[in-house]
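Report on one structure; see the data block that follows.
Below, chain A is the first sequence line, B the second, and so on; all start at residue 1. Please read all numbers here as calculations on a predicted model, not as lab measurements.
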Amino acid sequence: MTLPAGTTTGKLATMDYRRRSIRDLLGSEPGGGAEAYGWVKTRRDSKEVSFVQLNDGSCFQDLQIVLEAGTVADDLLKKLSTGACVRFEGILVESPAAGQTVELKATALELLGEADPATYPLQKKGATMEFLREIAHLKVRGNTFGAVTRVRNRAAWAVHSFFQSRGFSWIHTPIITASDCEGAGAMFAVTTLLDHESPTQDEAESTFRLKSTDPGDDFFGKPAYLTVSGQLNVESYAMGLTNVYTFGPTFRAENSNTPRHLAEFWMIEPEMAFCDIEGDMNLAEEFVKEVISDVLDNCGPDLDFFNQRIEPELLTTLRHVVDSGFERMTYSHAVDLLMKSGENWEFPVSWGSDLQSEHERWLTEKKIGKPVILIDYPKDIKAFYMKQNPDGKTVRAMDVLVPRIGELIGGSQREDDLATLEARIDELGLPKAAYWWYLDLRRYGSAPHSGFGLGFERLIMYLTGMKNIRDVIPFPRTPGQAEF
RNA sequence: UGCCGCAUAGCUCAGUCGGUAGAGCAGCUGACUGUUAAUCAGCGGGUCGUAGGUUCGAGUCCUACUGCGGCAGCCA
């Protein structure tokens, strides 16, 4: 292998993932030779010495590289600009200054990839989230998105760990569905009927034509879509494996332009046989506490950053949720409290209407002061599959409300009685024939069962304090935006 | 999709009553004995989102469009 021009190097580089990461180096005792790979955050020069902040994403903290004057040529030193990729060799030494315990006193460096400072879009000073979204391919090199990405990774691990340690099986429900009965929102079509002309240079000039307008000619012989929920499928697996969950991508073609919606997002949906609404609430409470607790334990520096720069109440609310017993009350009781609150609501409260975000936040933040689980919602504002209560008016639905954002989880006990479920489907005018297999689950060996769903990105927003959902997923897909 | 707001240097923004464009940061040049988003001095940098309109004159006023953001709805 030929090294790039301008290189100074000593011994052979360790081009293997088993080398020490910056995280490893920062946790090492001083003394001994070391090498460090990463991207330059900043460089500070004085006459006798230069400092380079080097980050490889393995942790929030940068490794400080100390370059004494003369270690490398001036023209090479100048190429150590923000964004440049570099390998240093040196000695890991105790740092005489505050800010870090060890630092790398460099003896050699290899410039792996320059980043022209005149055009490199990231700078050492902060950029707005809006700007960073335009450079989604580079944004992960900054503090904020590195931290978001590590928290997201750890949270995903914690989700699996939570369920796996309790004997739940991860079910890979389909991404493509030909059921037109999911009913959770507008769907993206999946088709091979498009006849598009040879790609042109100008995307705007390319056009679509349909080879056929008959769904029977399409790949699946009928209309197919990207899934909007794995719940119906995973219920089938709960009726055989007992405790199961989904964790995968989900798609909604809604034209929603808000900081809380994505067209492509990840959803977590546990489903348990032999479990009623009480057991469902118990699982939800344990789940929220354990995932938060895991991230608090394992992403300390990242959360400290969010607490300092993004959301000052972050650590307080997260610790509070972990330490609190969740308050449980009925929807009807909550409506009573809201109507007697004396608050001047932007949206009026009445029994039978859905609670607005302002109502949910008042309950959990002001009235109760800790997470709240509401149950027994009016059946008309909830989905058809929820278990009906004997009162004929409410269903065994539950929503988990937490301080700072409101609803985090929505779930229910499912209707397991065939006749009741069929009647409800008829009542709502839904296409009963399409639900044939879902009804079979009640026809053969039906079991009481419950589950819930939560959007993974909303959980990440809660864990990080980030205000826009587009900033907690690597490449956000929203109406009119599918770049990268 | 509806309502509201914004669009000026690479980034973040200022620009008064309509009168020929400004700062900080970044960049470049130099200084500085260990810095922590280093500091100090100097230099370069603009089709004011696009297209029309009003006006002697438009960054500024009007219209449309595009993009972005916020709120709402839909929801996770």
Side-chain angles (χ1 to χ4, degrees), chain A residues 41-54 61-69 74 78 81-83 93-100 103 105 115-135 142-143 182-186 204 227-231 246-269 305 308-309 346-347 354 356-358 381-383 399-400 405-411 452-462 467-473 478-481 483:
Chain A
K41 277 252 184 77
T42 71
R43 189 186 83 238
R44 297 178 292 275
D45 296 324
S46 65
K47 192 174 186 180
E48 301 296 329
V49 66
S50 291
F51 299 96
V52 174
Q53 297 296 126
L54 193 72
Q61 204 184 349
D62 304 321
L63 178 65
Q64 175 161 283
I65 311 292
V66 184
L67 281 158
E68 291 187 348
D74 274 3
K78 280 178 185 164
S81 55
T82 301
V93 297
E94 193 175 340
S95 179
Q100 59 280 317
E103 59 190 21
K105 187 178 160 74
D116 182 357
T119 56
Y120 186 64
L122 283 167
Q123 54 184 54
K124 53 185 155 187
K125 286 225 173 186
T128 58
M129 297 299 160
E130 291 80 8
F131 173 67
L132 290 167
R133 269 170 227 151
E134 294 171 11
I135 51 164
N143 284 336
E182 295 191 354
T227 183
V228 295
S229 165
Q231 184 195 312
T246 70
F247 184 6
T250 308
F251 308 87
R252 302 276 169 91
E254 303 287 353
N255 191 5
S256 297
N257 292 288
T258 84
R260 302 177 304 283
H261 292 86
L262 290 167
E264 177 185 282
F265 62 100
W266 286 59
M267 192 149 65
I268 299 156
E269 297 164 298
F305 170 79
Q308 191 183 328
R309 295 290 183 90
E346 188 183 344
F347 297 92
D354 216 350
Q356 298 293 320
S357 188
E358 58 169 340
I381 60 171
K382 290 292 183 184
D399 282 0
V400 179
I405 61 165
E407 182 181 337
L408 183 63
I409 286 178
F452 62 78
L454 85 157
F456 185 56
E457 284 73 19
R458 292 196 179 167
L459 179 64
I460 304 305
M461 290 173 77
Y462 195 61
K467 303 295 187 293
N468 194 312
I469 201 166
R470 294 161 203 177
D471 300 325
V472 298
I473 189 168
T478 53
Q481 178 56 262
E483 189 64 63

Could you tell me which residues satisfy ring-ring contact (aromatic ring centres under 6.0 Å, His included) with A:Phe251, sequence neighbours excluded, listed by chain and number?
none

Is any side-chain heavy atom of A:Pro259 closer than 4.5 Å to a side-chain heavy atom of A:Arg470?
no

Which part of the nucleic acid, if any, lies within reach of A:Leu262 when heavy atoms closer than 4.0 Å are counted: base, sugar-phosphate only, or nothing?
base

Does a side-chain heavy-atom distance below 4.5 Å link A:Phe247 with A:Phe456?
yes

For B:G10, does the base pair up with any side-chain atom of A:Gln123 as donor and acceptor (N or O, under 3.5 Å, distance only)?
yes

Output the single nucleotide from B:G73, B:G34, B:G69 whose closest atom is nearest the side chain of A:Phe347.
B:G73

Nucleotide B:G5, atom P - distance to CG of A:Asn257 in whole Å:
18 Å

Could you check how far CD of A:Gln356 sits from P of B:A72, rounded to whole Å?
8 Å

Between A:Glu130 and A:Thr119, whichever has its closest RNA chain B nucleotide further toward 5' is A:Thr119

With C1' as the reference atom in both, quote the distance from B:G69 to B:U54 in angstrom, rounded to an integer.
30 Å

Sugar-phosphate atoms are those with a prime plus P, OP1 and OP2; base atoms are the rest. Using that split, label each nucleotide of nucleotides 38-50 of chain B B, S or - for protein heavy atoms under 4.0 Å, 5' to 3'.
B------------

Go nucleotide by nucleotide along RNA chain B from the 5' end; which of A:Gly480 and A:Gln100 gets its closest nucleotide reached first?
A:Gln100

If we take the P atom in both B:G22 and B:G59, what is their distance in whole Å?
14 Å

I'd like the C1' distance from B:G44 over to B:C28, given in whole Å.
7 Å

Using a cut-off of 6.0 Å, state whether more than 12 heavy atoms not belonging to A:Glu130 lie near its atom CD.
yes

Determine whether the side chains of A:Thr246 and A:Glu269 contain a donor N or O and an acceptor N or O closer than 3.5 Å.
yes

Dot-bracket for RNA chain B, please, read 5' to 3', with Watson-Crick or G-U wobble pairs under 3.5 Å on both distances, ( ) within the strand, [ ] crossing, | other strand, . unpaired.
(((((((..((((.....[..)))).(((((.......))))).....(((((..]....))))))))))))....

B:U35 P sits how many Å from A:Glu48 CD, rounded?
13 Å

How would you label the contact of A:Gln64 with the nucleic acid (heavy atoms, under 4.0 Å): base, sugar-phosphate, or nothing?
base

Using the C1' atom in both, what is the distance from B:G73 to B:C4, to the nearest Å?
15 Å

Mind checking if A:Pro117 touches a base, just sugar-phosphate, or nothing, with heavy atoms under 4.0 Å?
sugar-phosphate

Over all strands shown, is A:Asn468 touching base, sugar-phosphate only, or nothing at heavy-atom distances under 4.0 angstrom?
sugar-phosphate

A:Glu264 CD - B:C75 C1' separation (whole Å):
17 Å

Quick one: which of B:G73, B:U12, B:U29 gets closest to the side chain of A:Phe131?
B:U12

For A:Glu457, report the nucleic acid contact type (base, sugar-phosphate, nothing); a contact means any heavy atom under 4.0 Å.
nothing

Side chain of A:Val49 only, please: which of B:G69, B:G34, B:A72 is the nearest?
B:G34

Working to the nearest 0.5 Å, report the span between CD of A:Glu407 and CD1 of A:Ile405.
9.0 Å

Nearest whole Å is fine: how far is B:A37 P from A:Asn143 CG?
10 Å

Quantified in whole Å, what is the C1' atom distance between nucleotide B:C48 and nucleotide B:G42?
27 Å

Looking only at the side chains, is there a donor atom on one of A:Gln53 and A:Arg44 sitting less than 3.5 Å from an acceptor on the other?
yes

Using a heavy-atom cut-off of 4.0 Å across all strands, would you classify A:Lys467 as base, sugar-phosphate, or nothing?
nothing

Whole-angstrom distance between B:C56 and B:C40, as gauged at atom P:
49 Å

With P as the reference atom in both, quote the distance from B:U36 to B:A26 in angstrom, rounded to an integer.
14 Å

Strictly below 4.0 Å, N to O, side chains only: are A:Lys105 and A:Glu68 in salt-bridge contact?
yes

Nucleotide B:U35, atom P - distance to NZ of A:Lys105 in whole Å
15 Å

Classify the side chain of A:Glu103 versus the base of B:G34 as yes if they form a donor-acceptor pair under 3.5 Å and no if they do not.
yes

Give a yes or no on whether a salt bridge exists between A:Asp399 and A:Lys382, defined as a side-chain N under 4.0 angstrom from a carboxylate O.
yes

Closest contact, heavy atoms only, A:Ser95 versus A:Glu103:
OG-OE1, 2.9 Å

Mind checking if A:Arg133 touches a base, just sugar-phosphate, or nothing, with heavy atoms under 4.0 Å?
sugar-phosphate

Under 4.0 Å between any heavy atoms, over every strand shown, what does A:Pro479 touch: base, sugar-phosphate, or nothing? Just pick one.
nothing

Separation of B:G73 C1' from A:Glu254 CD (nearest whole Å)
10 Å

Which nucleotide in the list B:G69, B:G73, B:U29 gets nearest to the side chain of A:Lys78?
B:U29

Whole angstrom is fine here: how far is it from CZ in A:Phe51 over to P in B:U33?
13 Å

Paired with A:Ile409, the side-chain contact (heavy atoms from CB on, under 4.5 Å) test is passed by just one of A:Val400, A:Ile268, A:Leu459, namely A:Val400

Check if the side chain of A:Ser256 and the base of B:C75 share a donor-acceptor pair of N or O atoms closer than 3.5 Å.
no

Looking only at heavy atoms, which two atoms of A:Glu457 and A:Phe265 are closest? And how far apart?
OE1-CB, 3.3 Å

Atom P, compared across B:C17 and B:C62: separation rounded to whole Å:
14 Å

